[in-house]
A.B. asks: 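Here's a structure for you.
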Number of protein chains: 2
Amino acid sequence: MPRQTRHDRQHSLDQALALFWRKGYHAASLKDLEGALDMRPGSIYASFGSKERLFGEVLARYGRQGLVELERTLAANPSPLGGLADYLRALGGLRDTPRPCHACLLVKTLLELGAQDANARLAQELLDAMEARFTQAFKAAREAGELNEHKANDHSAQQPARLARRYQTMVMGLRAHAERPISAAELHELADDLADDLLSLCARRH
Amino acid sequence: MPRQTRHDRQHSLDQALALFWRKGYHAASLKDLEGALDMRPGSIYASFGSKERLFGEVLARYGRQGLVELERTLAANPSPLGGLADYLRALGGLRDTPRPCHACLLVKTLLELGAQDANARLAQELLDAMEARFTQAFKAAREAGELNEHKANDHSAQQPARLARRYQTMVMGLRAHAERPISAAELHELADDLADDLLSLCARRH
DNA sequence: CTCATTTTTGAGCGATCACTCAAATCAAGG
DNA sequence: CCTTGATTTGAGTGATCGCTCAAAAATGAG
């Protein structure tokens with residue numbers, strides 16, 4: 001039988017993720033990858049095909065992890081709307097712990113590579129998946145009676161899909177903001193304010 | 001006296017802006033710039049010093065234009081809060097007319113270059129200037145009695161500076177969203193919803 | 001026109017880019 | 001142990017990167 005590989009694929013992907021997340025796709029060179037993965041070019045190409053395909057795998061992994069994290073946060077709160085507020089508040093902690101980067105890799109990729117690139121399209125699909133999960137949560141919130149009922153008709157801005165889009169706008173804006181050199185406390189304040197706004201807008205009295 | 005230059009500096013900067021805005025800093029090569037500016041390398045370097053410094057001038061120009069546009073929108077509405085809502089709604093038109101890119105160049109730059117880069121720091125300063133202008137507008141709104149008074153004390157989320165930060169979060173998120181392949185109508189809907197949320201949050205009854 | 005001065009040109013610089021492949025290395029089977 | 005076959009290596013590929021500079025072109029003064 002063939003010898004077993006020296007490198008763990010998942011671990012390599014995590015190392016590549018940290019590098020791409022920090023430096024962006026173009027600025028991360030193969031020399032950088034050699035260092036991050038502790039692999040020589042030949043091994044990298046044997047394992048992943050090309051820088052572009054490696055980045056695609058990294059994106060998919062990142063997106064999957066993000067969805068899992070969202071799912072965990074939502075599951076921890078019996079109230080769907082409360083769960084969404086919790087998720088926003090949790091993003092306020094982005095600067096509490098060291099990270100490769102504070103902004104969302106999917107948004108970074110979408111902005112850096114432009115809408116034509118194959119990996120940017122993958123990033124878009126993953127953002128769509130997040131938005132779909134947000135929509136599902138807002139639907140659950142409506143069914144739980146957590147939304148302002150007199151506004152929740154089919155033509156109002158309180159539709160779950162439209163709420164989800166605004167919610168994602170807040171998440172994207174918050175994470176872009178997190179990349180600016182503001183303090184951890186300021187970021188928490190911003191995230192908490194946004195969470196309060198969400199609750200205020202959805203559940204305010206009529 | 002010396003011969004006059006064949007190229008208009010401002011026009012060259014506009015061409016460079018379109019290129020950098022569309023492709024990003026790293027992906028825009030000097031070959032691309034030669035085409036966009038209709039100048040050969042020697043002329044480009046004689047005029048602008050380096051790709052990095054040229055990009056810095058482009059950023060400064062973009063930031064100045066953005067501030068002017070904000071000022072114009074705010075001046076067109078006697079109500080400060082209404083002006084801020086108008087500015088959000090106007091961003092909903094980003095997909096109505098062809099553009100090099102729909103996202104904000106300052107955010108693109110901040111995310112692509114990382115917080116250490118000199119030009120990323122310039123982008124941050126320009127974002128700060130925008131946020132400062134937002135704060136000024138919210139202060140004017142408070143003085144005009146357009147904010148929910150019982151919440152506008154010094155420790156509340158209704159402080160102009162905190163409102164401005166949330167407002168900028170919405171703008172950044174909206175413009176990042178604009179880079180996704182959504183229709184012009186959807187983008188208008190999102191922008192209008194965000195504008196309504198802003199009015200709802202600031203001026204809702206108490 | 002000639003001259004003086006400045007701008008513009010573009011071939012070409014060294015460095016680095018993503019990537020290849022023949023050879024060396026290593027693990028498992030016999 | 002040796003053989004087998006997949007894995008790993010790293011020097012080297014051509015292409016492109018940002019950039020330079022001596023020469024050519026262009027302008028205004030006299």
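Here is how names work: the chains are called A, B, and so on, in the same order as the sequence lines, proteins then strands, and each is numbered from 1. Being a predicted model, the structure only gives us computed values, none of them experimental.
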A.B. asks: Pick the closest DNA chain C nucleotide for B:Lys31 and for A:Tyr45 by heavy atoms, then say which residue is nearer the 5' end.
C.D. replies: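 First, find each residue's nearest nucleotide; the 5'-ward one identifies B:Lys31.
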A.B. asks: Could you work out which one of D:dG18, D:dT8, C:dA18 sits closest to the side chain of A:Lys51?
C.D. replies: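 Closest nucleotide to the A:Lys51 side chain: C:dA18.
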A.B. asks: For B:Ile44 and C:dG10, give me the distance from atom CD1 to atom C1', rounded to whole Å.
C.D. replies: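 Rounded to whole Å, this separation is 12 Å.
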A.B. asks: Taking only N and O in the side chain of B:Ser43, is any of them less than 4.0 Å away from OP1 or OP2 of C:dT7?
C.D. replies: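 Result: no.
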A.B. asks: Is any NZ, NE, NH1 or NH2 atom of the basic residue among A:Asp8 and A:Arg6 found under 4.0 Å from an Asp or Glu carboxylate oxygen of the other?
C.D. replies: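 Not counted as a salt bridge, because no side-chain N and carboxylate O are separated by less than 4.0 Å.
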A.B. asks: To the nearest Å, how far apart are A:Leu37 CG and D:dT9 P?
C.D. replies: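 Computing the A:Leu37:CG to D:dT9:P distance gives 11 Å.
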A.B. asks: Starting at atom NE2 of B:His7, determine the distance to atom C1' of D:dA25, rounded to an integer number of angstrom.
C.D. replies: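 That distance rounds to 13 Å.
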A.B. asks: Among C:dT8, D:dC19, C:dC19, find the nucleotide with the atom closest to the side chain of A:Ser50.
C.D. replies: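 Side chain of A:Ser50 sits closest to C:dC19.
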A.B. asks: Closest approach to the side chain of A:Pro41, judged atom by atom: which nucleotide of C:dC19, D:dC17, C:dT8 is it?
C.D. replies: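 Of all the options, the side chain of A:Pro41 is nearest to C:dC19.
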A.B. asks: Would you indicate what A:Ala27 reaches in the nucleic acid, counting non-hydrogen atoms under 4.0 angstrom: base, sugar-phosphate, or nothing?
C.D. replies: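 Result for A:Ala27 = nothing.
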A.B. asks: Nearest to the side chain of B:Leu30 - C:dC19, D:dG18, C:dT8?
C.D. replies: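 Nearest to the side chain of B:Leu30 among the choices is D:dG18.
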A.B. asks: Quick one: which of D:dT9, C:dG10, C:dT8 gets closest to the side chain of B:Arg40?
C.D. replies: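 Nucleotide nearest to B:Arg40's side chain: C:dG10.
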A.B. asks: At under 4.0 Å, does any side-chain N or O of A:Thr5 touch on OP1 or OP2 of D:dT7?
C.D. replies: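 Negative; the distance criterion is not met.
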A.B. asks: State whether A:Arg180 and A:Glu186 are salt-bridged, where the test is any N-O pair (Lys NZ or Arg NE/NH1/NH2 against Asp/Glu carboxylate O) under 4.0 Å.
C.D. replies: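 Result for this pair is no, no salt bridge flagged.
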A.B. asks: Take the protein atom CZ of B:Phe20 and the nucleotide atom C1' of D:dG18, then report the distance between them rounded to whole Å.
C.D. replies: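 So the CZ-C1' distance, B:Phe20 to D:dG18, works out to 11 Å.
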A.B. asks: Starting from C1' on C:dT9, measure out to CD on B:Glu34 and report it in whole angstrom.
C.D. replies: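 Computing the B:Glu34:CD to C:dT9:C1' distance gives 10 Å.
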A.B. asks: Using a strict cut-off of less than 4.0 Å between a Lys/Arg side-chain nitrogen and an Asp/Glu carboxylate oxygen, indicate whether A:Glu189 and B:Arg165 qualify as a salt bridge.
C.D. replies: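 No, this pair does not count.
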A.B. asks: When you measure from the centre of the six-membered ring of B:Tyr25, is the NZ or CZ of B:Lys51 under 6.0 Å away and within 45° of the axis?
C.D. replies: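 Flagged: B:Lys51 positioned over aromatic ring of B:Tyr25.
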A.B. asks: Whole Å only: how far is the NE2 atom of B:His26 from the P atom of C:dA18?
C.D. replies: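 Roughly 11 Å, once rounded to whole Å.
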A.B. asks: Let me know the distance between CZ of A:Arg6 and P of C:dT25, rounded to the nearest Å.
C.D. replies: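 Between P of C:dT25 and CZ of A:Arg6: 14 Å.
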A.B. asks: Determine the interplanar angle of the B:Phe134 and B:Tyr87 rings, folded into 0 to 90°, and report it as parallel if under 30°, tilted if 30 to 60°, perpendicular if over 60°.
C.D. replies: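 The arrangement is tilted - the two ring planes meet at 30° to 60°.
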A.B. asks: Could you check how far CG of B:Leu19 sits from P of D:dG18, rounded to whole Å?
C.D. replies: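 After rounding, the reported distance stands at 11 Å.
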